[in-house]
Amino acid sequence: MREIMTGRDIGNRINFCGHGTHSARYPWPDETVVSAGEGVVIRRDPKPGEPASYTTLFMEVYPPAATFIRSEGTTPQGCEDSAWSQYRLTLECADGSGSHDWETRGHRNGAGYCSRCGTFISQVFTGEQLGQFCRICGTGTTYHWDTDKVAGTTTFLCEEDYKAHKPARHPSHDRSLAQLLGELLDEDS
Ligand SMILES: [Zn+2]
Ligand SMILES: [Zn+2]
């Protein structure tokens, strides 16, 4: 495994900053990047009587061919158990069917979530697959879009056409020399 900050090869020795070093029990691929320690988690929606935040041990892993996995636990081994079962779920999902079952969940930027295992990856979908075509050149794109809430329509621009048709600077920023001189004279009087 590799340490997240330095990229250093740490074998199976995961440093749980301040909570000792944990020897990983499972055969994580060598290229897995890991970060672990103690952290504060802010609850987005605390239930009545529940504190707004809590402190927990955590482990974050970025295994090759899977996405970011985060686990929490009361012990380093608990963190690793949970992370490993999430990782297995991801691998078995992809192995079983040849691929994940991607859905957009409303994202237009090409990102996809697997409906079975929850894996999230950017750039799963192309503009063509999403039915998003540049309003100028007609190529499929996930680069830029504008939604007209009143009309309920969305239009798309590819990267090239977005850069060529960027909105112009607001006119009020472009003051003429005559205006500036006028303002200076006003201040003096
Ligand atoms: Zn999946
Ligand atoms: Zn275009």
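Keep in mind that the numbers below use all heavy atoms, side chains included, and drop hydrogens, waters and symmetry copies. In each ligand, atom 1 is the first atom listed, and ligand 1 is the first ligand listed. Residue numbers count from 1 along this sequence.
Here the angle centred on the Zn ion (ligand 2), running from SG of C134 over to SG of C137, is 110°, rounded to 10°. Between the OD2 atom of D161 and the SG atom of C158, the angle centred on the Zn ion (ligand 2) amounts to 100° when rounded to 10°. Rounding to the nearest 10°, we obtain 110° for the angle at the Zn ion (ligand 1) between C114 SG and C93 SG.
Note on H100: its N/O/S atom closest to the Zn ion (ligand 1) is ND1.
A ring-centre distance under 6.0 Å is found for H107 and Y113.
In this structure a side-chain-to-backbone donor-acceptor pair under 3.5 Å is missing from T147 to T154.
For the Zn ion (ligand 2), the N/O/S atoms of E160 include none lying under 2.8 Å.
Between E72 and Y54, the closest side-chain pair of non-hydrogen atoms falls below 4.5 Å.
A ring pair (Phe, Tyr, Trp, His ring centres under 6.0 Å) with Y87 is found for one member of F68, W28, Y26 and no other, namely W28.
Note that the CG atom of N15 and the CD atom of E3 stand 7.0 Å from one another [nearest 0.5 Å].
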